[in-house]
Structure formats: C-alpha cells, structure tokens
K.L.:
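Structure incoming, see below.
Owing to the predicted nature of the structure, the values given are computational and were not obtained by experimental measurement.
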Amino acid sequence: THEFLTALEVLPTLAAVAGAKLPAGVTFDGHDMLPVLRGDAPSPRREMFWDWPDGYQAARVDTLKWVAYTPRSKRGEVAAKEELYDLAADPGEKQNLAASQPAKLAAIKARFARWQAEMEAAEPRGPFRNY
C-alpha cells in the first residue's frame, strides 16, 4: 500500500485480530490498520515524529518530511543540517526544500515543537525518555 502506516499500528491491529480490548485510559499512538490494508479506508495517520537529542529530529506531516541532523564534530561543536522534502512530488528525496520553502519548514518545525510539549505533558513514559 502507499498509505501512511507505521509499526505503531501493529499492537492495535493484532488486538483487533485477536478480539482483545485495549486497556481503557491509555492513549495508543497506533490504530487498527486492517481496514487500510483491505482497501476499505484510507489511513488515519497524518503525522509521525522522532527525537534523538544527540543525533537527529524528524517529522512526517502529510506528505512533508523534515529531518534535522545534529551530529557531533571531532571538536565537540554541533553541525546542524536540515532537510525538507515533499514525498508526493519527490519520493526519491532528491530536492531539499528547506531553503526554498521557509514557510513549510517553519510550519513543520512548529508542529514538531507542539508534539514535544505533548510528550512532556504525557508523563509517565517510563523508560522511553527519547520518545
């Protein structure tokens, strides 16, 4: 499928197949993907976020993909690099739009910042501190 699905959909999908109920009061990041795989419905997933504080941050919002690399240099300075792609128009990620589309870049970074705040407010996360 070309639908937006992730590994987060595995648990809710397996629970649905087994007829198991997910615990009440717990927010799950995924959804049952069987209707999508059967072609009965589009994926409800529209965004996904990643945050590795000493490596990179990334977001996928609709067809946009943003990645900010923060690799450590040999001297300890942080060298930042940002990439922005429109996966619908450029699935091979050949044209970095970060410089030519500043409004889209700012919008996806703002959504990423809101997600970070949502994660901090969603404590406890147990051992999963790096999202």
Side-chain angles (χ1 to χ4, degrees):
T1 182
H2 291 285
E3 292 288 331
F4 190 177
L5 298 170
T6 73
L8 295 174
E9 278 69 73
V10 173
L11 177 63
T13 301
L14 292 176
V17 168
K21 293 186 182 200
L22 295 173
V26 176
T27 301
F28 288 87
D29 292 329
H31 61 274
D32 177 3
M33 68 180 153
L34 288 178
V36 177
L37 295 176
R38 285 193 301 257
D40 296 338
S43 175
R45 179 168 299 288
R46 295 289 169 257
E47 56 188 22
M48 183 80 179
F49 303 95
W50 297 264
D51 187 3
W52 280 265
D54 289 332
Y56 70 92
Q57 297 172 322
R60 163 91 188 264
V61 177
D62 292 319
T63 64
L64 292 178
K65 176 183 174 182
W66 165 72
V67 182
Y69 299 93
T70 54
R72 301 279 175 195
S73 74
K74 292 181 181 177
R75 293 189 199 135
E77 302 98 21
V78 175
K81 176 183 171 185
E82 287 189 308
E83 298 176 1
L84 179 69
Y85 301 100
D86 183 341
L87 299 176
D90 181 17
E93 301 178 17
K94 305 279 186 206
Q95 185 176 359
N96 183 355
L97 303 173
S100 65
Q101 300 284 332
K104 288 183 180 181
L105 179 63
I108 202 167
K109 289 170 72 172
R111 179 60 192 106
F112 180 84
R114 286 192 308 274
W115 170 78
Q116 280 184 311
E118 292 166 8
M119 291 298 99
E120 289 302 322
E123 292 293 355
R125 287 195 312 269
F128 305 108
R129 293 298 313 161
N130 287 336
Y131 310 108

K.L.:
Is there a path of hydrophobic side-chain contacts, each under 4.5 Å between heavy atoms of I/L/V/M/F/W/Y residues, joining Leu11 to Leu34?
P.N.:
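No, no single cluster joins them.
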K.L.:
Run the side-chain contact (heavy atoms from CB on, under 4.5 Å) test against Thr6 and tell me which residues pass, sequence neighbours left out.
P.N.:
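So Thr6 forms a side-chain contact (heavy atoms from CB on, under 4.5 Å) with Phe4, Leu8, Glu9, Arg45, Met48.
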K.L.:
Looking at side-chain heavy atoms only, is the closest gap between Val61 and Trp66 below 4.5 Å?
P.N.:
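No - every pair of side-chain heavy atoms lies 4.5 Å or more apart.
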K.L.:
On a heavy-atom basis, which atom in Leu105 and which in Ala98 lie closest, and how many Å separate them?
P.N.:
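Residues Leu105 and Ala98, closest heavy atoms: CD2-O, 3.6 Å.
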K.L.:
Only pairs under 3.5 Å count here: list side-chain donor-acceptor contacts from residues 85-92, not counting sequence neighbours, and write none if there are none.
P.N.:
from: Tyr85; atom 1: OH; to: Glu83; atom 2: OE1; distance (Å): 3.1
from: Asp86; atom 1: OD1; to: Thr63; atom 2: OG1; distance (Å): 3.0
from: Asp86; atom 1: OD1; to: Ala88; atom 2: N; distance (Å): 3.1
from: Asp90; atom 1: OD1; to: Glu93; atom 2: N; distance (Å): 3.2
from: Asp90; atom 1: OD1; to: Lys94; atom 2: N; distance (Å): 3.0
from: Asp90; atom 1: OD2; to: Lys94; atom 2: N; distance (Å): 2.9
from: Asp90; atom 1: OD2; to: Gln95; atom 2: N; distance (Å): 2.7

K.L.:
Which pair of heavy atoms, one from Phe112 and one from Ala59, lies closest together, and at what distance?
P.N.:
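It is CD1-CB, 4.4 Å.
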K.L.:
If every non-hydrogen atom of Thr13 is compared with every non-hydrogen atom of His31, which pair is closest and at what distance?
P.N.:
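That closest heavy-atom pairing would be OG1-O, 3.5 Å.
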K.L.:
Can you say whether the rings of Tyr56 and Tyr69 are parallel (under 30°), tilted (30 to 60°) or perpendicular (over 60°)?
P.N.:
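Rings of Tyr56 and Tyr69: tilted, as their planes differ by 30° to 60°.
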K.L.:
Is there a path of hydrophobic side-chain contacts, each under 4.5 Å between heavy atoms of I, L, V, M, F, W or Y residues, that connects Met33 with Leu22?
P.N.:
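Different clusters: Met33 never reaches Leu22 through Ile, Leu, Val, Met, Phe, Trp or Tyr contacts under 4.5 Å.
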K.L.:
Return yes if some donor-acceptor pair links the side-chain N/O of Arg60 with the main-chain N/O of Asp62 below 3.5 Å, else return no.
P.N.:
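Looks like yes, one N/O pair under 3.5 Å.
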K.L.:
Just by modelled atom types, is the Leu5 backbone N or O under 3.5 Å from a matching donor or acceptor in the Ser43 side chain?
P.N.:
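No, Ser43 side chain to Leu5 backbone: no donor-acceptor pair under 3.5 Å.
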K.L.:
Going by the rule salt bridge (charged side-chain N to carboxylate O under 4.0 Å, His left out), which residues pair with Lys109 if we only count those two or more places apart in sequence or in a different chain?
P.N.:
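Scan of Lys109 (salt bridge (charged side-chain N to carboxylate O under 4.0 Å, His left out), adjacent residues dropped) gives Glu82.
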K.L.:
Could you state the interatomic distance from CG (Leu97) to NZ (Lys104), rounded to the nearest 0.5 Å?
P.N.:
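Atom-to-atom, Leu97:CG and Lys104:NZ are 7.0 Å apart.
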